[in-house]
Every structure is written in structure tokens, then in C-alpha cells.
Participant: 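Let me give you the structure first, and then I'll get to my questions.
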Amino acid sequence: MKEIWCWGIGVTALLLSACSPKNTVPQLGKESITDVVNAMTLDEKLDIIRGAGMPTANGDAPVVGHVAGKVPGAAGNTNPIPRLGIPALSLADGPAGLRIDSERENDSKRYYATAFPTGTSLASTWNTELVEQVGQAMGNEVHEYGVDVLLAPGMNIQRNPLGGRNFEYYSEDPLLTGKMAAAMVNGVQSNGVGTSIKHFAVNDQETVRYHIDAVVSQRAAREIYLKPFEIAIRESDPWTVMSAYNKINGTYASESYDLLTTILRDEWGYQGIVVTDWLAGRDYAGQVKAGNDLLMPGRVNEKTKIQEALSDGRLTEAELDRNIERILNLVTKSPTFKGYKYSDKPDLKAHASLAREAAAEGMILLKNEKEALPLKTKKLALLGNTSYKLIEGGKGSGQVNNAYTISLLQGMEEAGYIVDADLQKKYQDYITSASTGDDAEQSFAAVKPLDEIQFDQSELDELANENGAAIITIGRQVGEGSDRDIETDYYLVPDELSLIKNTAEAFHAKGKPVVVVLNIGAAVDVASWRDDVDGIIVAWQPGQEAGYAIADAVSGKVNPSGRLTSTLSLRYEDVPSASHFPGTPARRPKQTIYNEGIYVGYRYYNTFNKPVAYEFGYGLSYTTFQFSDLEISSETFDDELTVTLDVTNTGELAGKEVVQLYLAAPAETMDKPLEELKAFKKTKLLKPGKTQTISFSIKASDLASFNTDRSAWVADPGIYTLKIGTSSRKFDISKTFTLENEIVTEEVHQVLMPQETITEITPKL
Ligand code: BGC
């Protein structure tokens, strides 16, 4: 038997284990996981629940999320126990593609990964199939570079536009976030590698990120901040969940039994493992007890602290073993355990073309006066530093070490445009001279945009004479560990505003259009300057094929079909969390109180009747669509409703539309948002005159809100209105149905209780 095992199975286990017929030590994969756990020494147990550690920079400060070892530049490794046939796994970031070092010591080969569009850009496609395909490609790179778990997707809520990592996240809406994350996880994991949905939970800011206490009502927690994770768990079963740095109502997320066991496992049935965020929390034994299986990246004093807790009874060995069993279960699924011979050669070419397709589909056409776009001219004045150095993604753990990034100059030239040569030279000289050369791999810090070159009016007049249109690119790039600044990041700075204004004056005097391309990670102000220009495209940080993808949208090769996944407000002060973000006290916040409750994003703007610049779900197309023949299977809700409608392309060009279904629920026993997104679908590419029938199914859980007093999801009786349209404010077609009797769709535990009273805003009932 032993001999057969030796020859037959588990190349890695074979290499790692002392394989002899006399060997009676249980081997992972051969004997049961329980037998392997029982054979472990305490020392081995304390090794397996923590990562292998991080190197230190200058011998002291740890470098977060970057280790040497099997895959240089991965964020962390687990500890192997060769005696028991347990190999070390590699875990690497991140949400826009695999983050590993592209260069290795004494090796001339390059290990580039594809920089895919950032999370916000992907979500803006509203196309779950496409996001799943991107996940498949990303997961293939993970697999082919020898990594076991991708530390992605990032799926916190874009609660406030200043959130430093919003670019990694999907939306202000929990349903859209959950669906995108599930698609991504399904795609990545189809390769036989794992994901880590992060950061669980209520981790919506970077200010004092290791310790901030997010004080949130149970209703807001359940409906807004936990919901996306619940959807991802139920619809995609990620191998791992990453617990967040912050506290929730006084307890570190990574130490919260309520969160990691009661909700995640008991209520949602999660079977995978929980991994801490890197260096999260304080009470290591408390983390283990709460159900945080793996402590990453592995700290020196974790072992002794946990040992102490075992000795004084704060932690039992059974609790430790429970976590270890889960970790070993993950190990047995991993490519490393299975001895996968990775190639180090993923198909980067094929992935680049998918990155371009996804990037183009995530572009949002915000404004298009007098059909400025697609461009009608071939001669272009390309302005703004970023046009010549597009930003493919954000900094920090969401960064990718890709081989190249296509500039807008390259993209437009490749598409057949002639870019003003003098202007080109001026920008390129300036960028070279102003470059600080701090583009280093793995930098977590935000990058300040270069000052915009200013032109005197005669130069701009000359440009307007020579060219048929102007494109101005405005760029932003943030990192990790801090939130964005209002004055210099959210709002455009004076030299950007004057560049836009003066260029527009010169070009408009000649009847020529000016288009602004926003190469941004998350929302910026648009209200103060949008009237100056004819066209606005939100390109986001669209990955390495950036320039090609923007050119595709600007030229009309691709008809824009991206839609906003978060509201663009009229002023920063209008954001519902503006007055209390990032928390109190102002100098170094200790807590951030979620006074806006469930009224995040459009839930707030719509319910409180506030004007916005561009609403959630908004985006223009080069064609037009009509919705018709809305039918629902019954006007009385029983336990499910089917909704169908036809979408017809009534314009002149092929295009895709996003059909958005919102529900207005009766506010019988609780206040409710005026509308909530309950389903969405993107059509296929419809040629002019073509129609597609779209159908949705509405379940009782879609009708329910969280009733805190009853600790239950309850659908109130009354009249519900289905509103179907192309944004959260543009409903083309609607129908009502009645729920005769209340339905309690789920009773849950009374957990995550705030320790203080939160005065939430509420609409008038
Ligand atoms: C980030 C995580 C990341 C980890 C490993 C942390 O600082 O918050 O998102 O996965 O580092 O790099």
C-alpha cells in the first residue's frame, strides 16, 4: 500500500515526505485530515495556522505584502510541514491582476502579469459574463505562475468618494458588488486556484486603517456592508475570505466571532477558510477563537501568545484543531499540493486583448453634446500629461507589474488619428524632465499628478486652427493606507480647470469640440467644469491596454455601454457620509460613525430628493434603446415572480444596453429607500432594429428588509412597484404587484450590536 502511494500520488507530498514503507506518520492526502491533525505536535499546529513571515526592510520595518520564496513578490506563504506531506502555499495579490515581481535575481526572464482594468472599471461594464472571463484569465496567470490563492476581489462598499481603495472596489450598491465579486471568483477559481474575497467587512476607508472602529447599525451592516459578501459566498464559494483590519462596533473584524463564525459560517454556511489581512488585529488567540483560521503573513510573537492562551484556557486545542482542519482542507485543493507543473508562461497576448475588451466596455460616456463623439475629425490636439502617460491602475497591493501601458497617444495613432506633433513633443519633454522616477514596483504611496502645462491663448488658438478637436485627459492615482484629499484630488486643481476652460474657449470659437477623458480610480468632481466641454468619457484606470480601449470608445469602434456604479454628486458636501468621514476625532480618528445608515449612494440621493451630477446606473450610448412589453407573471406575489420585457435598439449603431430593475417597497414597518436595485442584465450587442427579450425572477428575499428589533429579514405587505430603466433615476417602464401578507424570509442572530446609540438619518415616512 505504502509503495503504491509512493509511486502513484502527490508529487509534492512525495518530495516532501520521508517516503518509506516503514513510515507510519500520516500523510496529507493519504490519511484523513483528522489523522494528520492528530499526528501534529503543538509546535507544528502553531506553525500551520500562521504564515511563514515577511522579510524586513533594513532589518526592522516589515514590508507588507511582499515575500521572497517560491514566487518572488507574492504577498505571503504558509508554513510547510514536510513530515506530514504538507507543502507551503503561495498567496498573492490582487484585484486588477496577479501582483508578483516581474524581475528575479540572477534571471534575465521577465515575469509580467496582465494589468486588467481595476475593480471599478470592471464593474462599470455591468457585464457579469465578461467579468467572469477576466477572472478566468487572471486565474490562469495565478495558476501558471505557481500561486495558489489570489488575494482578490476587493469588494468593500464605495461609501465615500474619498475612500483610498475605492478603485479596487466595485460600487456603492451591495447587489452589484456581490454579483461582480461572484463572477470574478467563479472565473478565477475555474482554474483550480483560490480567491480571497476582501476585506470582510465594513472596511470602507484607509484613514487609521488598522484600528478604526466602524460604528454601524445592524440594519446598515446587514443590508449594505455584509450583503455583497453574502451574495459572493452563496453564488461562488470562494476558497478564502480575508477579514478586515478595522473594528466593527468595538471588536476587530479579525477577532469577531459574530462575524466570522455566527454570520459567515452558521448563517451563510461558508466552508472555506478565513485569512487575516496582513498584520491585522491584536489578540491572536482571539482571532483563532473567532474562526480566523490563518494568521497572515505570520508574526514572531503569535506563537507564544497563542500558546499562553491555550495554557490559561482562553483557547482550547479543539478550537485550534477546527481551524487547522479547515486549512488542511484548503491545502489539499491547491495546485501546489497536487504537484501542478506551472509554466511561468501564461498567454499574455490573449489576456491583453481581453483586458482591452473589458476596459472599453467599462468606459462611461457621461456627456455627448451635439454628437461630439465618436470623433468626426482625424486631426487631434491631445492635452493633459496623462494623455501621454496613462494610468493603468492604482498603487499598493492592487498594483500589477505589467510589461507596458498603452498611452492615449499610441491608442489614437493606432486608430488612425494624427496627433499634433508640436504638442506631443512639448508634453513628452515636460514629462521626462518632471519625472521623479519613483515608479518603483510595489510602491504603496499615492502619486501626485504633475502640474498641467499652461498655454497662452494664442497657442491654444493656433492648436484650434490646426486640429479638428481637443482631447484633455485628467489623471488620478492613489495608493493604500490613506484616503484622498478633497481639494487636490476630488476636486480638479486650478491648473486643470484653466486648461479645460481655455482650451474650450479656443476650440469653441472655431466650432470644434473638446472632450475630457477621466483616467481616474474613483469619483472626481465633474459638476464645476462639465458645462465647458462637449464630451466626457470616464475611462477609469482601465489596465495596460488603456490607450487602445479609450481610442476604441472615442472613435466609435466600440459603442460605450459602461454605467456608473456610484453616484457622482454635485458637490462633495452632498455625499451622505461627508460630514463624518473619515471619523472622529479629526486629527487621528478612533471611530467612524455610519450615521447615514442604509442611505448610501443613490439610496440617499433618491430618497432624500437631492440633485446629483450623474446618478448611479447612468451612462450614454451612441445609439438609442426602447423598452417595451413589460410583463409580470402575477400581480400578487406568492413566492416568486417572473418579469420579462423587450429591449430594442432604435438607433443607427450596434450597441449594448444595461437593463436595471429597481424595486420600491412599501414602508409599512420600516423606512425604506425610494428605490433599490434588485436585478440587472446587459443585452448582447444589438444591431439597429434588433430586439432582445430579457427576463428576471424576483424572490421573496428581494422584497425583504432587515428588521433590527426582530433580527429578521421581513417583506412588508402592501404594494410594490417594479421600475425598469437605464439608471437609478430614469425608469422607462414600471408595474406594481401586491404582497398580501408579511413574509419573514429569514431569522438571524442578534449579533454585531453597536455599543452606543447611532443617530441615523431617516426619511419622513
Ligand atoms: C492589504 C490587502 C492585501 C495584503 C497583502 C494588505 O495591506 O490590505 O488587501 O491583500 O496587504 O498584500
Side-chain angles (χ1 to χ4, degrees), residues 50-57 61-69 71-78 89-101 113 118-120 138 142 147-157 163-170 181 184-185 188 193-212 214 229 238-247 252-254 273-281 292 294-299 393-401 441-446 478-483 521:
R50 34 192 294 281
M54 284 189 310
T56 55
V63 187
V64 176
H66 183 260
V67 296
V71 187
N77 295 318
T78 60
L89 306 191
S90 294
L91 292 74
D93 290 302
L98 180 66
R99 182 173 70 103
I100 55 172
D101 288 348
T118 52
T120 308
M138 253 186 220
V142 174
V147 171
D148 298 285
V149 175
L150 182 72
L151 302 170
M155 51 178 301
N156 294 102
I157 288 291
R165 295 180 74 177
N166 279 356
F167 70 93
E168 296 181 52
Y169 305 148
Y170 295 127
M184 176 56 74
V185 170
V188 173
V193 295
T195 52
S196 196
I197 58 173
K198 66 189 190 184
H199 309 85
F200 189 54
V202 207
N203 181 189
D204 313 298
Q205 68 182 57
E206 289 298 284
T207 305
V208 197
R209 67 170 178 165
Y210 290 103
H211 305 293
I212 194 81
F229 287 94
W239 287 12
T240 86
V241 169
M242 187 187 290
S243 58
Y245 285 135
N246 51 287
K247 296 176 191 162
Y252 282 103
S254 63
I273 74 159
V274 176
V275 180
T276 60
D277 197 348
W278 269 227
L279 306 172
N292 209 321
L294 184 61
L295 314 191
M296 289 302 289
R299 281 179 272 200
K395 290 277 181 185
S397 59
Q399 190 189 342
V400 178
N401 297 314
E441 285 187 356
Q442 322 294 359
S443 159
F444 273 54
V478 290
E480 195 170 317
S482 58
D483 292 308

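In this text, all values refer to a predicted model and were calculated from it rather than measured experimentally. Counting convention: from 1, in listed order, for ligands and their atoms alike.
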Participant: Would the distance check show the side chain of Asn246 and the main-chain N or O of Val202 forming a donor-acceptor pair, the cut-off being under 3.5 Å?
Facilitator: yes
Participant: Is any side-chain heavy atom of Lys395 closer than 4.5 Å to a side-chain heavy atom of Phe167?
Facilitator: no
Participant: Of the backbone atoms (N, CA, C, O) and the side-chain heavy atoms from C-beta on, which set of Met296 has a member under 4.0 Å from an atom of ligand 1: side chain, backbone, both, or neither?
Facilitator: neither
Participant: Residue-level breakdown please: for Arg165 versus ligand 1, do any non-hydrogen atoms fall below 4.0 Å on the side chain, on the backbone, on both, or on neither?
Facilitator: side chain
Participant: If you count the atoms of ligand 1 from 1 in the order shown, which ones are under 4.0 Å from a heavy atom of Ser397?
Facilitator: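 Heavy-atom distances to Ser397 below 4.0 Å select 1 (C), 2 (C), 3 (C), 9 (O), 12 (O).
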Participant: Does Glu168 have a heavy atom less than 4.0 Å from any atom of ligand 1?
Facilitator: no
Participant: I'd like to check Asp277 versus Lys198 (side-chain heavy atoms, cut-off strictly below 4.5 Å). Are they in contact?
Facilitator: no
Participant: For atom 12 (O) of ligand 1, which of the options Leu150, Asp93, Leu151 provides the nearest non-hydrogen atom?
Facilitator: Asp93
Participant: Which ligand 1 atoms does Met242 reach within 4.0 Å, using its non-hydrogen atoms?
Facilitator: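 Per the distance check, 10 (O).
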Participant: Where does Arg99 meet ligand 1, judged by heavy-atom distances below 4.0 Å: at the side chain, the backbone, both, or neither?
Facilitator: side chain
Participant: Does the side chain of Ser254 come under 3.5 Å of the side chain of Ser243 through a donor N or O and an acceptor N or O?
Facilitator: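 No, no side-chain donor-acceptor pair sits under 3.5 Å.
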Participant: Would you say Thr207's side chain and Ser482's backbone share a donor-acceptor pair under 3.5 angstrom?
Facilitator: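 Checking the backbone N and O of Ser482 against the side chain of Thr207, no donor-acceptor pair under 3.5 Å is found.
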Participant: Give the C-alpha distance, both sets of side-chain angles, the deciding distance and a yes or no for side chain to side chain donor-acceptor pair (under 3.5 Å) between Thr276 and Asn292.
Facilitator: CA-CA 7 Å; Thr276 60; Asn292 209 321; 5.2 Å; no
Participant: Is there a side-chain contact between Pro72 and Ile100 in this structure, where contact means two heavy atoms from C-beta onward sitting under 4.5 Å apart?
Facilitator: no
Participant: Give the atoms of ligand 1, by number and element, whose distance to some non-hydrogen atom of Glu480 is under 4.0 Å.
Facilitator: 1 (C), 6 (C), 7 (O), 8 (O)
Participant: For ligand 1, which atoms sit closer than 4.0 Å to a heavy atom of Ala75?
Facilitator: 5 (C), 12 (O)
Participant: Show the atoms of ligand 1 that are less than 4.0 angstrom away from any heavy atom in Lys198.
Facilitator: 2 (C), 3 (C), 9 (O), 10 (O)
Participant: Locate the shortest heavy-atom distance separating Tyr169 from Met155; write the atom from each residue and the value.
Facilitator: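 Tyr169 and Met155 have their closest heavy atoms at CD2-N, 3.6 Å.
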Participant: Number the atoms of ligand 1 from 1 as they appear, then name those within less than 4.0 Å of a heavy atom of Arg209, with their elements.
Facilitator: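 Counting atoms of ligand 1 from 1, those under 4.0 Å from Arg209 are 7 (O), 8 (O).
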